[in-house]
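This report concerns only the one structure given below.
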Amino acid sequence: MQFIPKGAKSGDRGGALAQHRTVLAELSERSREIFRLIVDAYVETGEPVGSRTLSRKLGHLSPATIRNVMSDLEEVGLLFAPHTSAGRLPTELGLRLFVDGLMEVGGLTTDEREAIEGQCAGTGRSLPDMLEQATMMLSGLSRCAGMVLAPKSERPLKHIEFVHLAPGRALVVLVTEGGMVENRLVDVPIGLPMSTLIEATNYLTARLVGRTLGMARENILVELQEHRAELDELTRKVVEAGLATWADGGKTDSALIVRGQAHLLDDVQEAGDLERLRALFSALETKEQLLKLLDAADQADGVQIFIGAQSDLFGLAGCSAVISPYRDSQRQLVGAVGVIGPSRLNYARIIPMVDHTAKVIGRLLG
């Protein structure tokens, strides 16, 4: 079954790439077969493939015939020779066009589906915990770096509560109307009576339930500063501590969770590769790149594939990413989930893995 992900976008460069796709469409069946074998071997080993190896695999073509075909594929930009007398490797353009037009993608195994659904669907798990588990699960299944982007998405609150934990510490529990649970730790005066936490809960419940924190926070702060709220000093401190904690947490709500970076070191062959990986993760952690990633996810209904320096988003040779947005029951964008790895990702296996994970997270959010 040939599979081209719905909504997939490549970060391509318009007309030039369209011309190369025309070249791909005009390749003979023999050229397609040889090109596919070279890409498959590259994904499996990362090593160049020579004409004699291909001749043994195919059985019906001589090494000389295969060299001629490889030369033609090199001329149109789909292959390159890493050094003199070497076999051939696919270029980033070649990988892009292979993924778009020639790749065959199967489904997930039952074990893989159950692993994804089981890791994401822990009972009572908060959204941050669920996304953390999804990231580690993707990393483990793909043997690459798993990635989840959780953008700030304020929703009306359904429940607020202060819970005593230990002397000087309390937990603030927030539940949104969509069912997301968020817990924040706050410092409170030692020896604080339970009645103060109850009073702080009641005060905020009256002003926040049915509204977002952003809508109500400024009004509450003004009320406290002007002493219009009938609260004693201890309760006022608890309320202000809660508001301050939520404000600090909001700075990191649009966060990129990346786990399994160590897997990428398995493919590092020289110092330059390591430096590129460091630059990649450094760039992804900037606000500008997070916004680009969110914007790219918002424009697609399905999986997107970014390959190396062809991508404006990643812009680094030798790296690729497979990303899919996840949405709530109202089809509103919540975030994105994906895998980052070397350009020789096993796209045929990872695309359905990322796609299914995004759908599971979206279903749980709904």
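Note: hydrogens, waters and symmetry copies are ignored here, and every other heavy atom, side chains too, is used.
Residue Val339 comes nearest to Cys144 through the heavy atom pair CG1-CB, 3.6 Å, listed as atom of the first residue, atom of the second, then distance. Listed here is the closest heavy atom pair of Ser31 and Leu73: O-CD1, 4.0 Å. Considering all non-hydrogen atoms of both residues, Leu95 and Pro90 come closest at CD2-CG, 4.0 Å. Across all their heavy atoms, Leu345 and Ala321 have their closest contact at CD1-N, 4.4 Å. Minimum heavy-atom separation, Val186 to Ala241: CG1-O, 4.0 Å. Minimum heavy-atom separation, Glu104 to Ala348: O-CB, 3.5 Å.
Between Glu223 and Tyr203 there is a side-chain heavy-atom pair separated by less than 4.5 Å. Counting only heavy atoms from C-beta outward, the side chains of Val354 and Ile323 never approach each other to under 4.5 Å. For the pair Thr205 and Glu161, the minimum side-chain heavy-atom distance is 4.5 Å or more. Val360 places a side-chain heavy atom less than 4.5 Å from the side chain of Arg363. Taking the side chain as every heavy atom from C-beta outward, Thr135 and Met147 never approach each other to under 4.5 Å. Using a 4.5 Å heavy-atom threshold, the side chains of Leu208 and Ile220 count as touching. A 4.5 Å side-chain heavy-atom check between Thr196 and Phe162 finds every atom pair outside the cut-off. Within the 4.5 Å cutoff, the side chain of Leu79 has no heavy atoms near those of the Leu89 side chain.
Distance check, rounded to the nearest 0.5 Å: CE of Met136 to CG of Leu138 gives 11.0 Å. Here the CE-CG distance, from Met353 to Leu108, works out to 6.5 Å after rounding to the nearest 0.5 Å. The structure places CZ of Arg349 at 7.5 Å from OG of Ser142, a figure rounded to the nearest 0.5 Å. Distance check, rounded to the nearest 0.5 Å: CZ of Arg30 to CG of Leu58 gives 10.0 Å.
Heavy atoms from other residues, nucleotides or ligands lying under 6.0 Å from CZ of Arg36 number more than 12. The 12-atom threshold is not exceeded at CZ of Arg52, counting heavy atoms of other residues, nucleotides or ligands nearer than 6.0 Å.
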Run the numbers on Thr357 and Tyr326 for side chain to side chain donor-acceptor pair (under 3.5 Å), then give the verdict. CA-CA 9 Å; Thr357 302; Tyr326 57 91; over 6 Å; no
When you look at Arg96 and Asp100, which way does the salt bridge (Lys or Arg N to Asp or Glu O under 4.0 Å) test go after all the steps? CA-CA 6 Å; Arg96 172 80 261 162; Asp100 281 354; 2.8 Å; yes
Test side chain to side chain donor-acceptor pair (under 3.5 Å) applied to His356 and Glu117, step by step: CA-CA 9 Å; His356 187 64; Glu117 291 167 13; 2.9 Å; yes
Is there a salt bridge (Lys or Arg N to Asp or Glu O under 4.0 Å) between Arg344 and Glu44? Walk through the geometry before answering. CA-CA 8 Å; Arg344 65 182 193 90; Glu44 184 177 350; over 6 Å; no
Hey, mind stepping through Asp232 and Glu199 against side chain to side chain contact (heavy atoms under 4.5 Å, CB included) and telling me if it holds? CA-CA 10 Å; Asp232 61 35; Glu199 187 177 0; 3.8 Å; yes
Would you please test Arg327 and Val334 for side chain to side chain contact (heavy atoms under 4.5 Å, CB included) and show each step? CA-CA 5 Å; Arg327 302 175 185 273; Val334 178; 5.5 Å; no
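Remark: Arg259 engages Glu132 in a salt bridge, criterion side-chain N to carboxylate O under 4.0 Å.
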